[in-house]
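What follows is a single structure, written as C-alpha cells, with notes after it.
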Amino acid sequence: MDALEESVLASVWRQGGFAFCQLMRKCRSDPSMAEEAHDLAWEQLHLGDWHQVDCAWRDGYALACVYWAEELRRKGDHAEATRVLDMGLMMGGLAFRPRLNAAISSLSQASEPPSAVRGDDQLTVQVASSTSFCPFVLPPGSLQGPPMRTMAFPSIQKFLQELFAPGVPAILTDTMAHWPAMEKWKDLSYFHKIAGNRTVPVEVGETYLAEGWKQELMTMSRFLDRIHDPGDSTSRAYLAQHPLFDQIPELQRDIVTPDYCACGDGELHSINAWFGPSGTVTPLHHDPHHNLLAQVVGTKYVRLYSPELSDSLHPFSDPMLQNSSQLDLDKPDYERFPLAEKLAFVDCVLGEGQMLYIPPKWWHYVKSLSPSFSVSFWWRSS
Ligand SMILES: O=C(O)CCC(=O)C(=O)O
Ligand SMILES: [Fe+2]
C-alpha cells in the first residue's frame with residue numbers, strides 16, 4: 001500500500017471502519033476481498049444523510065473501487081470494471097480520482113472500441129434545427145412579451161455593468177463558436193465513441209416533481225438509445241445536473257469556461273451537463289448562484305421570473321423543495337394560485353451557440369424543444 005492509501009485507511013480506521021481496513025489490507029494477497037470491502041464502504045455511504053458521510057469513507061469507497069476494478073479487469077470483465085470505476089468517480093472522494101481516471105483510460109485503451117460492438121450509424125441522432133420547435137408544447141402565454149435582452153459577445157466590463165451588477169438576465173451570442181463541442185457534439189454518436197461504456201446517472205420521468213420520477217444509472221450507450229427513442233413522457237430520460245466533465249475529462253476539453261465566470265471575484269461552483277431528448281422539463285425553481293447556461297446542441301425554451309415575485313410563485317414549504325414553485329407551468333392551476341396568473345416574466349428560445357445569463361435567485365423553467373445538450377456554469381461572487 002502506498003502512503004496515500006495508508007493515510008486514507010488510517011482515517012477510515014478512526015471512523016471505526018476496522019473490518020474495512022482489514023479487508024483492504026488482505027486485498028494485496030487475496031484480491032477477491034476487494035468486492036467485500038467495496039460493499040462495506042457502500043453501506044457506510046448509505047447509512048444516513050449524504051452530506052454527513054465522512055470524507056474518509058468516501059475516499060475509502062473510491063479506493064475499494066480501484067482495487068475491485070483491478071480484480072474485474074484481471075478476470076476480463078472490462079465493462080463491469082468500468083462501471084465500478086465510474087461509481088468511484090461519482091460517489092467517492094477526491095483522493096483517488098487520478099487513479100480512477102487512469103484506470104478508466106487504461107481500460108478503454110485495452111478494450112474494443114464500442115463502435116466495433118454496434119454500428120455507429122445505428123445511433124446517429126438527427127438533431128433538430130433551431131426552427132423545428134412546436135410552439136403548442138410551450139406553457140400558455142409563452143413568447144408573447146418583449147424579447148429577452150440579447151448581447152453579442154459583450155466585453156467583461158459591459159457584462160459586469162449591465163447584467164451582473166444589476167442582476168439582469170440576457171442572452172449572450174457569439175461567445176461559444178470556438179468551443180470544440182460546437183462541432184464535435186453535433187453528431188451524438190460522438191458520445192457513444194468517447195463514453196459509450198461509461199455509467200451515468202439519469203433522471204427518468206416527467207419532472208423531478210412528478211410522481212414516479214426516479215434516478216437510474218445506465219451506460220451512455222443505453223442513454224443515447226433513450227434519446228433516440230424517448231418513449232412517453234413518464235419514461236423520458238434526462239442526464240441532468242451532472243458534473244459529467246469531472247467524470248469524463250476528455251469531454252471537458254470540448255468546452256471552455258467563459259471569462260464572465262470570473263466576475264465578482266468569485267469561484268466557479270460547478271459545471272453541469274444537461275443532456276436529453278426533446279421535451280425534458282425542469283420545473284420552475286431558482287438557484288443561489290450566478291449561472292451561464294450554454295446551449296451547445298438543440299434548442300430550449302426558458303422562462304424567467306424575477307426573485308421579487310417569489311411569494312406569488314408559491315414555493316413548496318418542504319425545506320428540500322423550497323427553491324421550487326408549486327405552480328406547474330405546463331398545467332397551471334390559477335384557481336389554486338391566482339397570484340401567479342398575471343405575473344410578468346421574460347422568456348426566450350435559447351438557440352445553439354447561445355448562452356443565457358441567469359442571475360442568482362431568478363426563477364427559471366426550462367423545456368427542451370429538440371434533443372439538447374446544455375452546459376451550466378454556476379459561480380458565486382465573493
Ligand atoms: O436546462 C435545464 O433543464 C435546467 C437548467 C438549470 O436549471 C440550471 O442551469 O440551473
Ligand atoms: Fe436551475
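What you are looking at is a predicted structure, and each value in this text was computed from that prediction instead of being measured. When a ligand or atom number is given, it counts from 1 through the structure's own listing order.
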Indicate whether any N or O donor in one side chain lies under 3.5 Å from an N or O acceptor in the other, for S372 and Q295. yes
Side-chain donor-acceptor contact under 3.5 Å, H286 with H364: no
Who else is in W68's hydrophobic cluster (ILVMFWY, side-chain heavy atoms under 4.5 Å, direct or via others)? L72, V84
Quick one: do the H192 and S221 side chains pair a donor with an acceptor below 3.5 Å? yes
Same hydrophobic cluster for V8 and F20, using side-chain heavy-atom links shorter than 4.5 Å among ILVMFWY? yes
Keeping waters out of it, list the protein N, O or S atoms under 2.8 Å from the Fe ion (ligand 2). H285 NE2, D287 OD2, H364 NE2
W363 and S310: side-chain donor and acceptor closer than 3.5 Å? yes
Write out the protein residues near ligand 1, meaning a non-hydrogen atom under 4.0 Å from one of its atoms, in order of chain and number. Y238, W274, T282, H285, D287, N291, L293, K300, H364, V366, S376, W378
Would you call E6 and R25 a salt bridge, using N to O less than 4.0 angstrom? yes
Review item, side-chain donor-acceptor pairs of residues 148-167, under 3.5 Å, at least two apart:
| from | atom 1 | to | atom 2 | distance (Å) |
| --- | --- | --- | --- | --- |
| R149 | NH2 | E162 | OE1 | 2.6 |
| T150 | OG1 | M148 | O | 3.3 |
| S155 | OG | K158 | N | 3.0 |

Would you please test Y67 and E5 for side chain to side chain donor-acceptor pair (under 3.5 Å) and show each step? CA-CA 11 Å; Y67 273 75; E5 294 179 16; 2.7 Å; yes
